[in-house]
Amino acid sequence: MKKYDYKKIEKKWQKIWEQEEPFKAEDRPSSRLRPAGQSKKEKFYCLIEFPYPSGAGLHVGHVRSQAALDVMARKARMEGKNVLYPIGWDAFGLPTENYAIKTGIHPIEATKQNVKIFKKQIKSLGISFDWSREINTTEPEYYKWTQWIFLQLYKHGLAYKKAMPINWCSSCKIGLANEEVVNGACERCGTKAERRHIKQWMLKITDEKYVDRLIEDLETVDYLPQIKTQQINWIGRSYGAEIKFEIQNSKLEIKVYTTRPDTIFGATYMVLAPEHELVETITTEAQRAAVHEYQEQARHKSDLERTELSKEKTGVFTGAYVINPATNKPIPIWIADYVLANYGTGAIMAVPAHDERDFEFAKKFELPIKEVIVKKFGEFKPEGDRRDAVAAVIKREDKVLVLYNKQFDVYRLPSGGYEKGETAEETIAREIVEETGYNDFQILDYLGMIESNNYIPEKKVQRQKFHKGFLVSLNSEAKTKTEFEEHEDYEERWYTEKEAIEKLASYGGGEEEFVKRTFNPQTKCFDGSIGTVVNSEFLDGLNVEEAIQAMNKWLEDKGIGKATKSYKLRDWIFSRQHYWGEPIPIVFCAKCGEVPVPEDQLPVKLPMVKKYEPTDTGESPLASIDSWVKVECPKCGGPARRETDTMPNWAGSSWYFMRYLDPKNDQEFASQEKLKYWLPVDLYNGGMEHTTLHLLYSRFWNKFLYDIGVVPVSEPYQKRVSHGMILAPDGEKMSKSRGNVINPDEVVAEYGADVLRTYEMFIGPYDQAVAWDTNGIKGVKRFLDKVWYFGEEVTRNKEVGAGNKELGTRNKELGTGELGKIGSELQKTIIKVTKDIDLMHFNTAVSTLMTFMNEVGESGCNKEMFRTFLVLLAPFAPHIAEEINERLGFDKRIWETSWPKVDAAKILVEKIVLPVMINGKVREKIEIEPDLDEAEIKKIVLKSDKVQKYLDGKEPKKIIFVKGKMLSIVV
RNA sequence: GGGCGAGUGGCGGAACUGGUAGACGCGCUGGACUUAAAAUCCAGUGACCUUAUACGUCGUGCGGGUUCGAUUCCCGCCUUGCCCACCA
């Protein structure tokens with residue numbers, strides 16, 4: 001018997017695929033391929049994120065997603081779809097530029113080499129890409145259109161230049177991208193990153209025309225739910241109001257953004273971000289030095305430090321005041337770095353009574369705290385030492401367990417008598433107030449169950465009915481049940497409920513601690529409808545919801561504010577001071593200002609340079625090439641200079657999926673006809689880490705192109721899925737420095753591409769992170785060896801199943817034919833594999849194929865059936881499947897074969913083993929004919945000795961029969 | 001602190017809509033073949049009880065609930081992963 005020589009076989013088929021190009025997508029399916037009278041082929045555009053051709057070569061993670069979509073693509077083709085599965089190179093980027101700086105090899109050259117390596121590696125895997133559509137973002141024919149799209153954005157006012165704070169390394173003299181800042185320091189030299197303001201190109205992704213649609217249109221697409229929520233959270237829309245505050249003794253005003261305009265009467269001071277533009281103007285002479293010092297400190301803090309030091313609030317008084325428009329009273333203006341310059345308006349009205357951060361700040365700087373929201377029942381005034389207070393009350397039937405504890409926490413149960421429209425929480429609160437007059441407490445937690453053995457040491461009554469209850473804290477120290485339980489020294493005592501309530505009622509109070517106690521950092525009184533407005537004139541008595549409405553109306557009527565929205569999403573910084581990126585097609589003319597390069601002069605090609613290091617000024621290396629920078633102004637012909645910034649690598653990847661449709665077109669980025677046929681992408685796979693950047697950016701570009709009428713769909717990707725990471729065998733991320741990288745080339749060399757592909761599909765759930773298992777791959781190798789082995793047998797004997805012990809076929813009598821047991825198993829395998837691939841449950845699809853092979857080992861099978869199996873296997877292991885198919889003597893290639901259809905008639909209806917449950921436990925398994933009806937089955941079951949034994953002469957109370965599943969008897 | 005997930009044998013993981021938990025693979029144990037090893041093939045493999053079988057008991061992070069029946073549904077808790085994080 002010939003050994004399975006995967007090296008030879010895989011090379012052979014890869015060559016055939018290269019020559020015959022069976023995976024080429026048809027732009028318009030030819031009528032030749034269409035059976036007469038049938039509609040044209042359905043298109044299926046499946047896409048992986050095109051790789052960045054790094055020097056490190058292909059990663060096993062690349063293989064996972066490429067192989068997965070290859071399975072989808074190959075199956076879809078066999079189902080008669082016109083499949084587009086393209087590949088290209090996202091080749092602009094920093095690593096290549098750094099490599100060029102180090103070695104002097106031109107990025108174009110380095111990219112070429114890397115692409116060559118990647119291509120060879122990918123081809124060795126036998127992925128069914130349509131190589132005729134290969135693209136590369138660094139080729140002028142490609143980036144011409146990236147620049148063209150930029151110009152359209154510019155013309156529509158969505159690209160603008162603005163001074164932005166960037167991370168700056170004073171040693172390398174270069175602006176750092178966020179990804180180049182590691183722990184607040186420059187990735188290369190370790191110097192602490194500083195903030196610097198540099199004029200940058202920005203794309204207006206937050207434009208009102210787009211930002212809401214980026215949220216709302218998610219409803220029209222089929223993305224994994226986590227992807228949708230992550231995008232929504234990233235955009236971070238909130239509804240609030242913008243309110244103008246007039247500066248005392250001045251005509252200037254400061255706008256603040258708040259989500260809680262209803263708390264304006266509680267705004268006792270204002271805080272500006274240190275970078276706020278009005279700080280300089282309003283600061284009084286007396287405060288100027290202190291303010292400057294604070295600003296200077298803030299400037300040198302990296303984002304990281306600013307958040308790290310967040311425990312302790314810092315800030316400085318400016319000496320100025322604004323008038324609170326609601327109270328007409330002056331309130332001081334402070335600056336503090338807990339207010340961010342680039343969110344909202346960079347200024348807040350501080351309401352210390354109801355915002356944790358404001359509260360902290362007010363405490364530290366002794367600013368007034370004015371409460372404007374109270375909880376309906378809360379006005380407790382505690383006094384004295386309450387160390388011996390009741391900690392918990394647990395009700396069981398008519399008894400109440402009272403726990404004593406230092407912390408004054410209480411378990412409280414509703415005693416019934418809900419009032420109309422009341423929540424359970426409100427009922428508890430009302431009851432406590434009514435019954436005890438004890439009204440400073442907070443309900444920490446709703447408890448489904450409050451009684452358990454933990455609280456009943458005697459364990460006298462274990463299986464009681466349990467009550468629902470609430471954890472009520474009479475003191476804010478314990479905020480959760482766990483904290484409560486962890487308190488030492490609580491005593492337990494049993495009381496009647498009445499006694500317990502009396503006990504509670506015996507604690508009095510004073511007024512002093514009022515504000516501190518009513519402020520609840522946990523709920524902040526900010527969660528909607530919890531409180532009632534007080535101390536707020538015309539808002540008094542309203543609940544939060546109503547107060548917001550009323551306040552918004554009042555603001556608008558008075559003309560001092562309006563309801564508005566705010567977003568966490570910021571505009572997209574689109575400039576990079578690097579060489580290896582698309583030049584931004586703008587020139588600066590002394591006379592005409594910013595002038596876009598005329599479209600017919602595109603592409604603006606990257607000039608050849610010798611040095612790639614950034615310049616001392618922080619400009620792109622392009623700035624030092626006079627011959628390239630100096631141009632004539634396209635408008636007036638006068639002297640002008642080119643923009644020397646380049647685009648980030650998100651640019652080329654924002655639209656590449658369209659270029660695949662028409663990669664050679666030099667008139668348009670893609671023809672309308674082709675765009676209309678192929679878009680949207682039906683299935684798009686990519687890493688979760690791209691959810692908030694690449695995926696959002698490209699949706700934005702697509703929407704823009706849709707709006708200007710050059711793209712036919714408003715959402716580019718119909719379905720988005722994500723693969724989990726492949727971790728090293730040690731469970732850590734694979735990295736060069738750890739030395740735990742698995743190289744796909746080595747796996748291919750040792751086991752073959754089919755084994756690698758199938759193993760990666762089998763390794764675990766596709767969307768989950770899994771660790772590479774060097775042993776696990778052996779199992780897949782054994783499986784494919786077995787397939788080969790049986791394939792050889794079938795070739796020789798036409799049928800496996802001669803009772804050959806060596807082959808493992810023993811049960812000849814089971815029948816090797818289509819209508820026998822194995823035929824039935826094959827049908828079940830078709831059903832399961834088809835469904836699993838559709839759901840991208842590749843691991844269970846492979847296990848089903850394995851099970852079938854085991855079954856063939858038991859029962860044997862004939863040639864036709866073996867071929868059907870090969871078709872099911874082919875998406876995973878295409879080379880071996882084609883080879884065996886050819887050896888079996890079939891003329892048709894597997895890729896020319898239709899995906900198998902299920903023939904339900906061939907599924908054997910076997911005897912069913914019916915489990916019989918008695919009192920919830922499986923006690924007997926009875927073999928029955930499948931077509932028996934319920935009454936007959938019951939009769940048979942009750943006759944069984946075992947069942948009789950369990951019945952023990954008693955009559956069954958109840959018999960539940962679930963057809964085809966089980967029979968359950970209750971005695 | 002916020003958002004989204006996840007917890008099942010020695011390990012990776014299966015399990016439809018609540019219906020025999022542990023498919024498939026790894027590993028391990030025993031056997032066959034071999035001078036031997038590797039490879040391959042056969043058998044076994046959740047824990048406990050038992051000489052063994054049978055009977056039985058326990059078992060899907062923990063504590064409860066609903067149900068004839070819960071990995072699945074409900075309540076609470078714990079642990080853990082990822083992303084975001086002073087967002088007013």
Side-chain angles (χ1 to χ4, degrees), chain A residues 225-230 232-234 236 238 240 256-260 263 271 306-307 309-311 313 336-340 342-345 347-351 355-358 360-361 445-454 463 465-466 468 471 480-482 485 521 526 566-568 688-689 691-692 725 759 762-765 767-780 782-783 785-786 789 805-808 810 835 841 843-844 846-851 854 857 913-922 925 956-960 962 964-971:
Chain A
Q226 359 12 332
I227 297 177
K228 287 190 186 182
T229 34
Q230 215 172 304
I232 291 168
N233 292 343
W234 185 260
S238 69
V256 302
Y257 173 74
T258 176
T259 54
R260 294 296 303 272
T263 60
V271 188
R306 253 169 103 147
T307 49
L309 299 172
S310 69
K311 299 275 180 292
K313 293 270 178 291
D337 63 8
Y338 82 90
V339 173
L340 306 175
N342 43 13
Y343 180 76
T345 58
I348 61 158
M349 60 175 211
V351 184
D355 180 275
E356 215 170 342
R357 295 152 305 176
D358 295 344
E360 242 177 84
F361 192 84
D445 256 312
Y446 172 71
L447 305 162
M449 176 282 307
I450 59 154
E451 194 182 52
S452 87
N453 296 343
N454 291 340
R463 294 184 76 80
K465 272 214 164 175
F466 292 99
K468 310 234 163 175
L471 175 61
T480 64
K481 194 182 160 198
T482 316
E485 281 172 4
F526 264 64
S566 189
Y567 304 86
K568 289 187 203 174
M688 272 315 273
E689 71 275 16
T691 302
T692 49
M725 235 195 302
Y759 171 63
F762 183 61
I763 192 167
D767 54 356
Q768 267 174 46
V770 276
W772 186 271
D773 179 3
T774 317
N775 275 323
I777 197 162
K778 284 188 205 155
V780 174
R782 284 177 198 155
F783 164 60
D785 279 348
K786 210 189 260 182
Y789 192 73
K805 195 182 168 236
E806 200 187 315
L807 259 178
R810 295 172 312 287
K835 194 171 142 202
H841 294 171
N843 55 332
T844 51
V846 174
S847 87
T848 306
L849 292 168
M850 287 173 166
T851 308
N854 293 341
V913 178
L914 186 80
V916 180
M917 274 177 135
I918 296 164
N919 285 342
K921 288 207 167 115
V922 179
K925 291 167 187 181
K957 234 191 227 164
K958 202 170 166 192
I959 298 180
I960 295 142
V962 185
K965 299 273 187 192
M966 63 171 358
L967 189 96
S968 186
I969 302 174
V970 189
V971 186

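Note that the structure is predicted; figures quoted are calculated from it, not measured. Below, chains carry the letters A, B, ... as their sequence lines are ordered, and counting in each starts from 1.
Comparing atom distances between the A/M917 side chain and each of B/C4, B/A88, B/G69 picks out B/G69 as nearest. Of the listed nucleotides (B/C68, B/C41, B/C24), B/C24 has the atom at the smallest distance from the side chain of A/S847. Side-chain atoms of A/I348 lie closest to B/A88 of the nucleotides B/C24, B/G27, B/A88. The nucleotide whose nearest atom lies closest to any side-chain atom of A/K786 is, among B/C4, B/G12, B/C41, B/C41. Relative to the side chain of A/I960, the nucleotides B/G27, B/C4, B/C68 differ in distance, and B/C68 lies closest. When the nucleotides B/G12, B/G3, B/A14 are ranked by their closest atom to the side chain of A/T844, B/A14 comes out on top. Looking at the side chain of A/V770, the nearest of the listed nucleotides B/G69, B/A88, B/G12 is B/G12.
A/M850 comes within 4.0 angstrom of sugar-phosphate atoms only, judged by non-hydrogen atoms across all strands, and of no base. Backbone-only engagement by A/P765 is indicated by non-hydrogen atom pairs under 4.0 Å involving sugar-phosphate atoms exclusively. Using a 4.0 Å heavy-atom distance criterion, A/L849 is classed as making no nucleic acid contact.
The gap from the P atom of B/G61 to that of B/G10 amounts to 14 Å, rounded to the nearest Å. B/C73 and B/U17 have their C1' atoms separated by 12 Å, given to the nearest Å. Separation of the C1' atoms belonging to B/C62 and B/C68 is 26 Å when rounded to the nearest angstrom. Nucleotides B/A21 and B/G46 place their P atoms 14 Å apart, quoted to the nearest Å. Between B/U45 and B/G9, the two C1' atoms lie 10 Å apart (nearest whole Å). Separation of the C1' atoms belonging to B/U72 and B/U66 is 14 Å when rounded to the nearest angstrom. To the nearest whole angstrom, the two P atoms, one in B/G22 and one in B/U60, are 14 Å apart. Rounded to whole Å, the separation between the P atoms of B/G27 and B/G12 comes to 15 Å.
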Derivation and outcome, side-chain contact (heavy atoms from CB on, under 4.5 Å), residues A/Y338 and A/I348: CA-CA 10 Å; A/Y338 82 90; A/I348 61 158; 3.8 Å; yes

Worked check of side chain to side chain donor-acceptor pair (under 3.5 Å) between A/K786 and A/N854: CA-CA 9 Å; A/K786 210 189 260 182; A/N854 293 341; 2.9 Å; yes

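Note that A/K313 lies outside the cation-pi zone of A/F361, set by a 6.0 Å cut-off to the ring centre and a 45° limit from the axis.
Heavy-atom minimum distance, A/M349 versus A/V256: N-CG1, 3.8 Å. In this structure, A/Q230 and A/T692 approach most closely via the heavy-atom pair O-CG2, 4.0 Å. Across all their heavy atoms, A/Y257 and A/S566 have their closest contact at CZ-CB, 3.2 Å. Taking both residues in full, the closest heavy atoms of A/Y759 and A/A771 are given as OH-O, 4.5 Å, listed atom of the first, atom of the second, then distance. Scanning all heavy atoms of the two residues, the minimum distance from A/V770 to A/G764 falls at CG1-CA, 4.1 Å.
A/D767 has its CG atom 16 Å from the P atom of B/C82, to the nearest Å. Rounded to an integer number of Å, the gap from OH of A/Y343 to C1' of B/C84 is 14 Å. For the pair A/K313 NZ and B/C86 C1', the computed distance is 5 Å after rounding to whole Å. Per the geometry, CD1 belonging to A/I969 stands 16 Å off P belonging to B/U20, to the nearest Å. The NZ-C1' distance, from A/K778 to B/A38, rounds to 11 Å in whole Å. For the pair A/D773 CG and B/G10 P, the interatomic distance rounds to 17 Å; values are reported in whole Å. Rounded to whole angstrom, the span from the OH atom of A/Y759 across to the P atom of B/G13 amounts to 10 Å. Atom pair A/F762:CZ and B/C26:P shows a separation of 8 Å (rounding to whole Å applied).
Taking only side-chain nitrogens and oxygens, A/N843 never comes nearer than 4.0 Å to OP1 or OP2 of B/C24. Between A/N854 and B/A23 there is no side-chain N or O to OP1 or OP2 distance below 4.0 Å. Contact check, A/Y338 against B/A88: no side-chain N or O comes under 4.0 Å of OP1 or OP2. Contact between the side-chain N/O atoms of A/R782 and the OP1/OP2 oxygens of B/C24 is not found at any separation under 4.0 Å.
For A/K568 against B/C84, a side-chain-to-base donor-acceptor contact under 3.5 Å is absent.
The nucleotide B/C4 finds its pairing partner in B/G81, both defining distances of the Watson-Crick or G-U wobble pair being shorter than 3.5 Å. The partner of B/C58, taking Watson-Crick or G-U wobble pairs whose two distances both stay under 3.5 Å, is B/G46. Figure legend. B/A38 is base-paired to no nucleotide; pairs are counted as Watson-Crick or G-U wobble with both atom distances under 3.5 Å. Across all strands shown, B/U71 remains unpaired; no Watson-Crick or G-U wobble contact has both distances below 3.5 Å. Base pairing analysis places B/A15 opposite nothing; no Watson-Crick or G-U wobble pair with both distances below 3.5 Å involves it.
Base orientation at B/G31 is anti, since its O4'-C1' glycosidic dihedral falls outside 90° of 0.
Mapped onto RNA chain B by nearest heavy atom, A/M349 and A/P225 fall at different nucleotides, with A/P225 at the one closer to the 5' end. The nearest heavy atom of RNA chain B to A/L967 and to A/N233 marks one nucleotide each, and the one closer to the 5' end goes with A/N233.
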